[in-house]
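None of these values were measured; they are calculated from a predicted model. The basis for the numbers below is simple: all heavy atoms, side chains too, and nothing from hydrogens, waters or symmetry mates.
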Amino acid sequence: QVQLVESGGGLVQAGGSLSLSCTASGKIFRINDMGWYRQAPGKQREWVGVISSGGSTNYADSVKGRFSISRDNARNMVILQMNSLKPEDTAIYYCHAAIQERIWTTENPFWGQGTQVTVSS
């Protein structure tokens with residue numbers, strides 16, 4: 001059973017920085033895209049950014065230039081570095097990964113349990 005476990009959320013003042021990490025474990029043949037989504041209170045879940053297995057990244061306009069995503073393929077880990085945080089970044093952040101569990105099978109989406117990030121003004 002594949003699991004994604006996140007860590008690193010918390011409370012930070014506006015302008016500060018925070019780093020989230022997410023590690024995948026279980027029966028894994030290959031991890032393709034990894035990324036992050038977030039959901040603020042009363043809002044729909046929104047895409048934050050993605051990193052391919054080769055390291056190419058793409059970000060939502062709302063976080064571009066402030067957030068960066070990296071990954072450690074040897075440890076099945078993806079990291080979200082958040083700088084210049086704003087109160088509107090307050091949300092539950094979810095890790096996402098497209099994982100192929102066995103050879104010759106298609107990839108499936110997996111989600112972490114979510115970690116709270118609160119930015120105070």
Heavy-atom check, side chain of [X] versus side chain of [Y], under 4.5 Å:
X    : Y   : result
N73  : I31 : no
D89  : R38 : yes
E101 : F29 : no

Contact list for residues 48-82, test disulfide (SG to SG under 2.5 Å), sequence neighbours left out: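 Every pair satisfying disulfide (SG to SG under 2.5 Å) with a residue in residues 48-82: there are none.
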
Residue pairs involving residues 21-107 (criterion disulfide (SG to SG under 2.5 Å); sequence neighbours excluded):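 Sorted result for residues 21-107: C22-C95.
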
With the 4.5 Å side-chain cut-off for hydrophobic clustering, are [X] and [Y] part of the same group?
X    : Y   : answer
F110 : V48 : yes
I28  : M34 : yes
Y37  : V50 : yes

To the nearest 0.5 Å, what is the distance between [atom1] ([X]) and [atom2] ([Y])?
X    : Y   : atom1 : atom2 : value
R102 : I99 : CZ    : CD1   : 12.5 Å
H96  : W36 : NE2   : CH2   : 12.5 Å
Q113 : E6  : CD    : CD    : 4.5 Å
T23  : Q3  : OG1   : CD    : 11.5 Å
S56  : I51 : OG    : CD1   : 8.0 Å

Of all pairs that satisfy ring pair (Phe, Tyr, Trp, His ring centres under 6.0 Å), the ones with a partner from residues 60-95, not counting sequence neighbours: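 Those involving residues 60-95 do not exist here.
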
Donor-acceptor contact present, side-chain R71 to main-chain S52, <3.5 Å: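 Judged by distance alone, yes, a pair lies under 3.5 Å.
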
Minimum heavy-atom distance between Q100 and T105, given as atom pair plus value: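 Smallest heavy-atom distance, with atoms named: NE2-O, 3.0 Å.
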
Residue pair S84 / S17: nearest heavy atoms and the distance that separates them: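 In terms of heavy atoms, the two residues are closest at N-OG, 4.4 Å.
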
Please tabulate, for the side chains in residues 75-82, all donor-acceptor contacts under 3.5 angstrom to protein atoms that are two or more places apart in sequence or on a different chain.
residue: R75; atom: NE; partner: D72; partner atom: OD2; Å: 2.9
residue: Q81; atom: NE2; partner: N83; partner atom: OD1; Å: 2.9

Please list every donor-acceptor pair under 3.5 Å in which a side-chain atom of residues 57-65 meets a protein atom from a residue at least two apart or in another chain.
residue: Y59; atom: OH; partner: I69; partner atom: N; Å: 2.8
residue: D61; atom: OD1; partner: K64; partner atom: NZ; Å: 3.2

Anything under 3.5 Å between a donor and an acceptor, one on a side chain of residues 114-121, the other on a protein residue two or more places apart or in another chain? List them.
residue: T115; atom: OG1; partner: G9; partner atom: N; Å: 3.3
residue: Q116; atom: NE2; partner: A91; partner atom: O; Å: 3.4
residue: Q116; atom: NE2; partner: T118; partner atom: OG1; Å: 3.3

